[in-house]
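Counting starts at 1 for both ligands and their atoms, following the listed order.
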Amino acid sequence: MNRASSGIHTPFAATLIGSQALSADTALFRVAPEASALEALSRFVPGQFVQLSVPGAGEVPISPADLPGGDGTLELCVRRVGHVTGLLHTLPAGSELGLRGPFGTGFPIREMAGRPVLLLAGGLGIAPLRSLLFHLLRESRDFGEVTLMYGAREPKLMLFREELAALAARRRLRLYLTVDFAPQEPAGNFSCAVGLLPDLLKGFSFDAQGSYVAVCGPPALYRCLAGELEGAGVEAERIFLSLERRMRCGIGRCCHCAVGQKLCCTDGPVFRLSELKQIPEAL
Ligand SMILES: Cc1cc2nc3c(=O)[nH]c(=O)nc-3n(C[C@H](O)[C@H](O)[C@H](O)COP(=O)(O)OP(=O)(O)OC[C@H]3O[C@@H](n4cnc5c(N)ncnc54)[C@H](O)[C@@H]3O)c2cc1C
Ligand code: FES
């Protein structure tokens, strides 16, 4: 095999180490890639995605929820929604997988240096933002204060809640959680507001002129969050949103993921709000 094209056109081999259920339909998968993938994965920037292949089913784009160590192990937080993700959820540890990438743009971690960073996650949008959060915390001397606002539909759908609460308890980050509604059930060892994610921003006191903002969640939230952020004084140049489009090749060849004249897989998935404002159908 041509080494230059492996990992781009041809998947690296990878092994499923194990998985941990996070909710009824979402789990965190730990995946170990073959050694020849390590160089490519060492260039991973939070917000980028990999094309994960499940033999016998197909390939799906997934933004890693973290690359925790130097051994290239990936943590992928995957919701079971259809054919490929459905089969992935049935696989035992030791199963063979494939990986291409990392692809696309990530969050601008160099530009964020020295600045406070506000992360806004809705639902499964916490997955790519978790890898950014862990990067900011590991390299905390290089960044200003880190704040995470995370909204889920209801308490049992709030992913990584104990992990996030533990980080907040150790004062590693300012954490604000909210759920759309709270049915009569034990909410677990954490407390949160009841309301929509944009409501958390209303009246929130922060350094709007200096902060960088990273947003990932359901597209329906984006207009509203962008309006709140700009209203608070954050420039569109410093607001970064991760877009999700159906993908096929992942490398700019098939045009499946077009966002106006841009391609989500190569120009994105992370875009500046100022860029997206030029594309009427983007948000
Ligand atoms: C850059 C990027 C990063 C992503 N990161 C994650 C992640 O970290 N975790 C995660 O669980 N998912 C993530 N996704 C979504 C994931 O790729 C899809 O859920 C997956 O491709 C569905 O494949 P499937 O074969 O299981 O479902 P299918 O059988 O293909 O489809 C099942 C249903 O899901 C819908 N669907 C499929 N793909 C998408 C999509 N891209 N956007 C909207 N609806 C879709 C279909 O319309 C259909 O209704 C990401 C997508 C992109 C583009
Ligand atoms: S997925 Fe093929 S061009 Fe983006």
Side-chain angles (χ1 to χ4, degrees), residues 8-9 11 14 16 19-31 44-68 74-91 97-107 119 121-134 150 152-153 157-160 214-222 240-271 276 279 281-283:
I8 299 175
H9 302 284
L16 177 62
S19 64
Q20 173 200 347
L22 298 174
S23 73
D25 62 3
T26 304
L28 188 67
F29 295 87
R30 287 177 69 84
V31 174
F44 169 76
V45 176
Q48 287 189 300
F49 67 95
V50 295
Q51 289 282 56
L52 176 72
S53 41
V54 178
E59 204 179 38
V60 287
I62 300 291
S63 295
D66 198 21
L67 261 76
L74 296 110
E75 290 184 342
L76 305 174
C77 171
V78 182
R79 177 164 293 164
R80 187 179 61 235
V81 297
H83 186 57
V84 179
T85 53
L87 185 58
L88 175 68
H89 272 252
T90 66
L91 295 180
L97 300 168
L99 274 181
R100 293 191 294 128
F103 296 133
T105 56
F107 292 102
L119 312 180
L124 192 58
I126 190 68
L129 288 185
R130 180 178 178 264
S131 70
L132 175 60
L133 173 67
F134 282 172
Y150 174 30
R153 248 195 351 264
L157 298 181
M158 189 156 269
L159 309 174
F160 305 111
V215 186
C216 191
L221 272 180
Y222 283 7
F240 292 80
L241 305 105
S242 179
L243 290 193
E244 202 180 301
R245 291 291 186 273
R246 299 223 62 171
M247 287 185 184
R248 193 161 280 176
C249 70
I251 52 172
R253 295 281 165 82
C254 70
C255 291
H256 241 71
C257 63
V259 185
Q261 298 296 312
K262 306 258 182 194
L263 294 175
C264 191
C265 66
T266 49
D267 300 311
V270 175
F271 293 90
L276 294 180
I279 311 173
E281 66 270 41
L283 294 180

*Taking 4.0 angstrom as the limit, do Arg248 and Glu59 come out as a salt bridge?*
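No.
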Before signing off on this row, confirm whether [X] and ligand 1 have an N or O atom pair separated by under 3.5 Å.
X: Phe49; result: no
X: Val84; result: yes
X: Val81; result: no

Out of [options], whose heavy atom is nearest to [atom]?
atom: atom 26 (O) of ligand 1; options: Leu243, Thr85, Leu87; value: Thr85
atom: atom 9 (N) of ligand 1; options: Cys77, Ala127, Gly47, Ala27; value: Cys77
atom: atom 46 (C) of ligand 1; options: Gln51, Arg246, Arg80, Glu59; value: Arg246
atom: atom 5 (N) of ligand 1; options: Gly125, Cys216, Ser63; value: Ser63

_For a distance under 2.8 Å, tell me if Cys265 has an N/O/S atom near atom 4 (Fe) of ligand 2._
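Given the 2.8 Å cut-off, Cys265 counts as a ligand of atom 4 (Fe) of ligand 2.
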*Taking both backbone and side-chain atoms into account, decide whether Cys255 has an N/O/S atom under 2.8 Å from atom 4 (Fe) of ligand 2.*
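No, outside the cut-off.
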What atoms in ligand 1 come closer than 4.0 Å to a heavy atom of [X]?
X: Ile62; answer: 4 (C), 5 (N), 6 (C), 7 (C), 8 (O), 9 (N), 10 (C), 12 (N), 13 (C)
X: Val78; answer: 11 (O)
X: Arg245; answer: 41 (N), 53 (C)

Nearest to [atom], what protein heavy atom do you find, and at what distance?
atom: atom 4 (C) of ligand 1; answer: Pro61 O, 3.4 Å
atom: atom 20 (C) of ligand 1; answer: Val60 CG1, 3.6 Å
atom: atom 27 (O) of ligand 1; answer: Gly82 CA, 3.4 Å
atom: atom 15 (C) of ligand 1; answer: Glu244 OE2, 3.2 Å
atom: atom 29 (O) of ligand 1; answer: His83 N, 3.0 Å
atom: atom 4 (Fe) of ligand 2; answer: Cys257 SG, 2.2 Å
atom: atom 11 (O) of ligand 1; answer: Arg79 N, 2.7 Å

Heavy atoms only, cut-off 4.0 Å: how does [X] contact ligand 1, side chain, backbone, both, or neither?
X: Met247; result: side chain
X: Leu124; result: side chain
X: Ser242; result: neither

_Test side chain to side chain contact (heavy atoms under 4.5 Å, CB included) on Tyr222 and Val215; report intermediate values, then the result._
CA-CA 8 Å; Tyr222 283 7; Val215 186; 3.8 Å; yes
*Test side chain to side chain contact (heavy atoms under 4.5 Å, CB included) applied to Leu97 and Leu52, step by step*: CA-CA 7 Å; Leu97 300 168; Leu52 176 72; 4.2 Å; yes
_Report whether any nitrogen, oxygen or sulfur of His256 sits less than 2.8 Å from atom 2 (Fe) of ligand 2 (N, O or S, backbone or side chain)._
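No N, O or S atom of His256 is closer than 2.8 Å to atom 2 (Fe) of ligand 2, so no.
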Numbering the atoms of ligand 2 from 1, which are under 4.0 Å from a heavy atom of [X]?
X: Arg248; answer: 1 (S)
X: Gly250; answer: 1 (S), 2 (Fe)
X: Gly252; answer: 3 (S)
X: Arg253; answer: 3 (S)

_Met247 vs Cys264, test: side chain to side chain contact (heavy atoms under 4.5 Å, CB included). Steps then yes/no._
CA-CA 8 Å; Met247 287 185 184; Cys264 191; 3.9 Å; yes
Kindly state if [atom] has a protein heavy atom within a strict 4.0 Å cut-off, that is, under 4.0 Å?
atom: atom 48 (C) of ligand 1; value: no
atom: atom 44 (N) of ligand 1; value: no
atom: atom 41 (N) of ligand 1; value: yes

*State whether the number of non-hydrogen atoms from other residues, nucleotides or ligands found under 6.0 Å of Gln261 atom CD is greater than 12.*
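No, the 6.0 Å shell around CD holds no more than 12 heavy atoms from other groups.
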_Test your reading of the model: is there a side-chain donor-acceptor pair from Ser131 to the backbone of Ala65, 3.5 Å cut-off?_
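No, the answer is negative, given that no donor and acceptor are paired below the 3.5 Å cut-off.
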*Any sub-3.5 Å donor-acceptor pair from Tyr150's side-chain atoms to Gly125's backbone N or O?*
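Between the backbone of Gly125 and the side chain of Tyr150 there is no qualifying donor-acceptor contact (under 3.5 Å).
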*Just checking, any donor-acceptor pair under 3.5 angstrom between side chains of Thr85 and Arg80?*
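On atom types as modelled, these side chains do not qualify, holding no pair under 3.5 Å.
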_Arg153 CZ to Ser23 OG distance, which is reported to the nearest 0.5 Å_ =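 If we round to the nearest 0.5 Å, Arg153:CZ and Ser23:OG are 9.5 Å apart.
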*asked:* Under the side-chain contact (heavy atoms from CB on, under 4.5 Å) test against Cys249, which residue among Cys257, Cys255, Cys254 passes?
replied: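 Running side-chain contact (heavy atoms from CB on, under 4.5 Å) over Cys257, Cys255, Cys254 with Cys249 returns exactly one hit, Cys254.
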